[in-house]
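See below for the structure under consideration.
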Amino acid sequence: MLRDPSLHDFEVKRFLHDLRSGLQIVSEYNADTYRDIYVSDDIIDEVGGEDEYESQRERIDDFLRMDLVDRHAYEEIVPRAGPSELFVTRAANVLLIRLFSGDEALFVSIERSGAVGETIDTIERITK
Amino acid sequence: MTDQARSRTTDSNVDQVAGVRSVLVLAPEMMDPVKRVCDQLLDPDSSEGTGVIKISYHFSPVETADRWLADNPDSETPLYCLSITDSTFSENAHTYPEHVSFATARADDLTGIGMKINQIVQEMNVHTSDIRVCLDSLDNMLMYVDRQTVYRFIRTISNFLSANEARIHFHINPSRNDEIVDTLRSALNAVVEVGETGVVDIKTR
């Protein structure tokens, strides 16, 4: 599944091109909505088809949109921290990256390969 | 929970958790002895008073205000009644004192509830360290979203309030599945268990 973002302005095909293999999910969200813009066939097969993915997606939706509340906490805790721009979770097999811009956010799930910093730099370059 | 202190008391005195920023109360708010504990957790530390946010899945905003004002008829504590409901707030609120405010949020949208709490904290005309929040109850929240999402919500909202030096306590029915209660209690700084006779069992980190 591949479609253009509506909250952001970039070409989603560049993710597939610039991040090479292992891209699983790219989605965009804000406090009100969550929308997939890319989901790999492997992920849909892995969870058991599109219907199963849809129920899984609802859980991701609930979980991720709470970032929009969570990101404000750090501003209060760490002096001069400023607003959070990026949450990165390095799991055993995947990198889960949430990138914030204003009130909007982007979620990228990608298999781990190479340096975390390079992957983040590539995502930021695509979305700038 | 490691390094925890544990004590029992018979007079509902929960002073030991007075400075604790996030507390799980193992009892529904409506039970009488629990109400006293709940009131103590909402008490101010100083004479400057508090701002109270009452979040309820059981009562409408007006019902929440009526219950609070019946118990605190002379209080001028700023009170925000946030009802978690699928219907919009349409009750007549203009007869209430200026220090009482109302809001609703949708039960299936935890992010919306979190954003609303964030907004209320910014709007309340008291120092954030004087804000006390009561949420009744996590049992109802668990009817709409799964345990992991509730866990993340209570971590997220507790972090946000703690960063603002505010305090929150959550009610949950102790007869729930132990595994769920254990998961959720690990997200918070203290657990207060209230028996039917008013005996209070307190565990803090």
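Letters go in sequence order (proteins before strands), and every chain restarts at 1.
- Ring-plane geometry between H171(B) and H169(B) is classed as perpendicular, the angle between the planes exceeding 60 degrees on a 0 to 90 degree scale with a lower cut at 30.
- Proximity to chain B (any heavy atom under 4.5 Å) is shown, for D67(A), by both the backbone and the side chain.
- Contacts between I157(B) and chain A at a heavy-atom distance below 4.5 Å involve the side chain alone, from C-beta outward.
- Per-residue counts of heavy-atom pairs under 4.5 Å with chain A were compared for D109(B), L110(B), I113(B), D108(B); the largest is that of D109(B).
- When each of L106(A), I37(A), T127(A) is tested with P5(A) by the rule side-chain contact (heavy atoms from CB on, under 4.5 Å), just one qualifies, namely I37(A).
- Within a 6.0 Å radius of CD in E11(A), other residues, nucleotides and ligands contribute 12 heavy atoms or fewer.
- Between D61(A) and R65(A), at least one side-chain nitrogen of the basic residue sits less than 4.0 Å from a carboxylate oxygen of the acidic one, meeting the salt-bridge criterion.
- Proximity to chain A (any heavy atom under 4.5 Å) is restricted, for D146(B), to the side chain, taken from C-beta onward.
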